[in-house]
Amino acid sequence: MPAMVSARGPPTSPPAPARPHKRSTNYGYYNPMDGGGSMLSQVQDTYPPGLGEPINVIISAYSDSQVLQDTTANGGLINYFQSFGFSTECLGQTDPSEQTANLGDGNGDLNETAVIRWDYGDANLGTCQETVEGGNHFRYWVQDGQSADSGAIFMATSYEMPIAGASENYNLGRDWLVGNVTAQSTILPTANITNTSTYSGQTSFNNFTYATTVTYVSGLLQNTSDGINHYQSVAVNGLNAIDGLVAVLTVKMVQQPGGSSSSSR
C-alpha cells in the first residue's frame with residue numbers, strides 16, 4: 001500500500017536524482033575512454049613528460065558488493081587483498097610519488113586510493129620488505145563518479161625491482177597477481193596469455209574465503225611502448241612494454257566467519 005502524504009501544499013523539495021545503479025553495465029565496469037578518461041595513470045616527473053602506467057587489472061562490479069567495500073572489516077576489499085598475499089603500506093607510510101587516474105566517471109583526475117604491496121607472508125610488516133627488496137605492487141582507484149558509477153576497482157599493477165634498480169614490469173605484475181588470486185601452483189606463462197585466457201581459484205584470510213574468476217580482455221589498452229613509463233627498460237626481447245591485455249576479476253565470497261556464505265548482488 002502506498003504511503004499516505006499530506007494534502008497541504010507541495011513537497012518542500014524535489015526528489016534527489018537517482019544515481020546510476022552500480023551494476024548497470026554490460027561488463028561490470030565502464031570503459032574510461034567513453035567518458036574522456038584513460039587506462040593509463042598519470043605519473044609525476046617522467047622523462048619525457050606525460051608518461052603513464054597501465055591500469056591492467058579491474059575488479060568487476062559483478063563481484064559481491066561486500067568485497068567491493070574499501071575496508072578490512074566484514075571481508076571487505078583490503079581483507080581480500082590480504083587473502084592473496086598483499087597488504088597496505090609499511091607502517092602506515094604514504095607514497096611520495098602518488099599517481100592520478102581519470103576513470104571517465106565524472107570525477108576527473110584523482111590521486112590513487114592507496115598503494116598495496118606484496119607482504120612476504122606478513123600482512124602487518126611484510127610490505128616494508130617489498131619496499132626495499134622489490135616485488136609485486138599495485139595502485140587502485142574506484143570508479144564511482146556520477147556519470148559512470150560502476151563501483152569497479154581499477155588497478156595499475158607492476159612487478160618492481162629492488163630499491164637500487166628502477167625498472168618495472170607491468171605484464172609480469174598483472175600475471176603474478178592473477179596467479180596469486182587464483183592460487184595457481186605454477187607461474188602463469190605471460191608470453192602465451194591471450195584475450196581468451198581464463199583462470200579461477202580460491203583464497204582465504206581472517207576466516208573469509210573468496211572465489212575469483214579471471215578473464216583477460218583486449219581493447220582497453222594498446223599493445224605498445226608509446227606513452228608508457230620506464231618504456232626503455234620494460235620493453236625487452238623486442239616486445240612492447242605492455243601487451244594490451246587487462247585482467248578482469250569477478251570475486252565471490254564463498255565462506256565467512258560463522259560458516260555462512262555470501263552471494264550478494
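We count residues from 1, following the sequence as given.
Take Thr72 and apply the side-chain contact (heavy atoms from CB on, under 4.5 Å) test, not counting sequence neighbours, and it matches Ile78. Applying the salt bridge (charged side-chain N to carboxylate O under 4.0 Å, His left out) criterion to Asp105, with sequence neighbours excluded, gives no partner residue. Every residue meeting the side-chain contact (heavy atoms from CB on, under 4.5 Å) condition with Thr209, not counting sequence neighbours, appears here in chain and number order: Gln202, Ser204, Val254, Gln255. Considering only residues two or more places apart in sequence or on other chains, Asn180 meets the side-chain hydrogen bond (donor to acceptor under 3.5 Å, both in side chains) condition with none of them. Listed by chain and number, the residues in a side-chain hydrogen bond (donor to acceptor under 3.5 Å, both in side chains) with Thr203 are Ser83 (sequence neighbours excluded). In this structure, the side-chain contact (heavy atoms from CB on, under 4.5 Å) partners of Asn74, at least two apart in sequence or on a different chain, are Gln66. Taking Asn195 as the reference, Ser218 meet the side-chain hydrogen bond (donor to acceptor under 3.5 Å, both in side chains) condition, with sequence neighbours excluded. Under the ring pair (Phe, Tyr, Trp, His ring centres under 6.0 Å) criterion, Phe84 pairs with Tyr80, Phe86, not counting sequence neighbours. Phe154 is linked by a ring pair (Phe, Tyr, Trp, His ring centres under 6.0 Å) to nothing, counting only residues two or more places apart in sequence or in another chain. Legend: residues meeting side-chain hydrogen bond (donor to acceptor under 3.5 Å, both in side chains) with Thr113, ordered by chain and number and at least two apart, are absent.
Residue pairs meeting the ring pair (Phe, Tyr, Trp, His ring centres under 6.0 Å) criterion with at least one member in residues 183-204: none, sequence neighbours excluded.
Using modelled atom types, one side-chain atom of Asn56 and one backbone atom of Thr157 make a donor-acceptor pair closer than 3.5 Å. Of the possible polar contacts, none joining the Ser41 side chain to the Gln99 backbone as a donor-acceptor pair under 3.5 Å is found. Using a distance-only test at 3.5 Å, with no hydrogens or angles considered, a donor-acceptor pair links the side chain of Trp141 to the main chain of Leu110. In this structure, Arg174 contributes its side chain and Leu245 its backbone to a donor-acceptor pair below 3.5 Å. Listed for the Asn240 side chain is a donor-acceptor partner under 3.5 Å among the backbone atoms of Asn223.
Between the CG atom in Leu103 and the CE atom in Met39 there is a gap of 8.5 Å [rounded to 0.5 Å]. The CD1 atom of Ile55 sits 11.0 Å away from atom CE of Met155, with the distance rounded to the nearest 0.5 Å. The line from CG of Asn171 to CG of Asp243 is 4.0 Å long, rounded to the nearest 0.5 Å. Considering OG1 of Thr250 and CD1 of Ile58, their distance stands at 10.5 Å, rounded to 0.5 Å. We find the CE-CG distance between Met253 and Asn79 to be 7.5 Å, quoted to the nearest 0.5 Å.
Across every non-hydrogen atom of Ser225 and Ala241, the tightest pair is OG-N, 2.8 Å.
Paired with Lys252 under the rule side-chain contact (heavy atoms from CB on, under 4.5 Å), one option of Thr212, Val67, Thr213, Asp64 passes, and it is Asp64.
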Tell me which donor-acceptor pairs under 3.5 Å the side chains of residues 181-190 have, and how far apart each pair is, sequence neighbours excluded?
from   : atom 1 : to     : atom 2 : distance (Å)
Thr182 : OG1    : Val178 : O      : 2.7
Thr182 : OG1    : Gln184 : NE2    : 3.1
Gln184 : NE2    : Thr182 : O      : 3.3
Thr190 : OG1    : Asp175 : OD2    : 2.6

